[in-house]
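Letters A, B, ... mirror the listed sequences (proteins, then strands); counts begin at 1.
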2 protein chains.
Amino acid sequence: MTVDQRDPTPLYQQLATILRAEISSGKIADKLPSESYLQQRHGVSRGTVRRAIEILAAEGLVYTIGARGTFVRQR
Amino acid sequence: MTVDQRDPTPLYQQLATILRAEISSGKIADKLPSESYLQQRHGVSRGTVRRAIEILAAEGLVYTIGARGTFVRQR
DNA sequence: GAGAATTTGTACGTATGTATG
DNA sequence: ACATACATACGTACAAATTCT
């Protein structure tokens, strides 16, 4: 699953939705891929990746640590 | 009051703090100046202005309408 | 421990789209 | 038609912290 450039929905929202699904399905279990990986994987800019992650962080789904990465909040 | 480029605090945070103060003091009463005005006024980029406003919006202090502007939430 | 590579954080600039006045 | 203003998305550059070799 990846982003659809023709969909009028903002790309960062689409990406947030995708990542949210991959987290709840357990496909992403503890650590998110790096921003640069996600950027290439989905064909969007790093800024868009960061916006998507910001949304998930605001939802309390993930948290990111300095230069280490973004992690799934365990429950 | 404006932003201090030598302060290690992120410029958008500094700006958010400044705007928050100007709102609570009543200096900014109903409508925020335009992004381009704030950009010039504080010597930062438009992106930085927008980040600052995002913070205040997340706090529920202001809200922005489409292409009209950003407004102080009345209470 | 030293140095390189990786990863996130901040900041800037530009372009395009859409809505309002 | 035009100017203004916000929204999204791209790109670049550098800093700082961490991780790898």
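Nearest to the side chain of Ser36(B), among dA9(D), dA5(D), dG13(C), sits dA5(D). Here the nucleotide nearest the side chain of Val44(A), chosen from dG9(C), dA11(C), dC10(D), is dC10(D).
Between Tyr12(A) and dT8(D) there is a side-chain polar atom (N or O) within less than 4.0 angstrom of OP1 or OP2. Contact annotation: Arg50(A) side-chain N/O to dT8(C) OP1/OP2 distance is not under 4.0 Å. Thr48(B) has a side-chain polar atom (N or O) that falls below the 4.0 Å cut-off from OP1 or OP2 of dC12(C).
Partners of Arg68(A) under the side-chain hydrogen bond (donor to acceptor under 3.5 Å, both in side chains) rule, at least two apart in sequence or in another chain, do not exist in this structure. Applying the salt bridge (Lys or Arg N to Asp or Glu O under 4.0 Å) rule to Asp4(A) yields the partners Arg6(A); only residues at least two apart in sequence or on another chain are considered.
For Gln14(A) and dA7(D), the CD to P distance is 19 Å, given to the nearest whole Å. His42(A) places its NE2 atom 14 Å from the P atom of dA9(D), with the value rounded to the nearest Å. Taking atom CZ of Arg51(A) as the reference point, atom P of dA11(C) lies 16 Å away to the nearest angstrom. Rounded to whole angstrom, the span from the CD atom of Gln39(B) across to the P atom of dC12(C) amounts to 9 Å. One atom, CG of Leu56(A), and another, P of dT8(C), lie 14 Å apart when rounded to the nearest Å. Straight-line distance from the CD atom of Glu54(A) to the C1' atom of dT8(C): 12 Å, rounded to whole Å. Between Leu15(B) atom CG and dT10(C) atom P the separation is 14 Å, expressed in whole Å. Between Ile53(B) atom CD1 and dC6(D) atom P there is a gap of 7 Å when expressed in whole angstrom units.
Considering Ile28(A), Ile55(A), Val62(A) in turn, Ile28(A) is the only one that fulfils the side-chain contact (heavy atoms from CB on, under 4.5 Å) rule with Leu19(A).
The side-chain heavy atoms of Arg20(A) and Glu59(A), taken from C-beta on, include a pair separated by under 4.5 Å.
Closest-nucleotide positions on DNA chain D for Glu35(B) and Pro10(A) were compared, and the one nearer the 5' end corresponds to Glu35(B).
At a cut-off of 3.5 angstrom, counting only N and O atoms as typed in the model, there is a donor on one side and an acceptor on the other between the side-chain of Arg46(A) and the base of dG9(C).
Judged purely by atom type and a 3.5 angstrom limit, Gln39(A) has no side-chain atom pairing as donor or acceptor with the backbone of Val49(A). Looking only at distances, a side-chain donor or acceptor of Gln74(A) sits under 3.5 Å from a matching main-chain atom of Val72(A). Under the 3.5 Å distance criterion, the side-chain polar atoms of Glu35(A) are left unmatched by any main-chain donor or acceptor of Arg50(A).
The partner of dG17(C) is dC6(D), by the rule that a Watson-Crick or G-U pair needs both atom distances under 3.5 Å.
Of the residues in residues 62-75 of chain A, those with a non-hydrogen atom less than 4.0 angstrom from any atom of DNA chain D are Ala67(A), Arg68(A).
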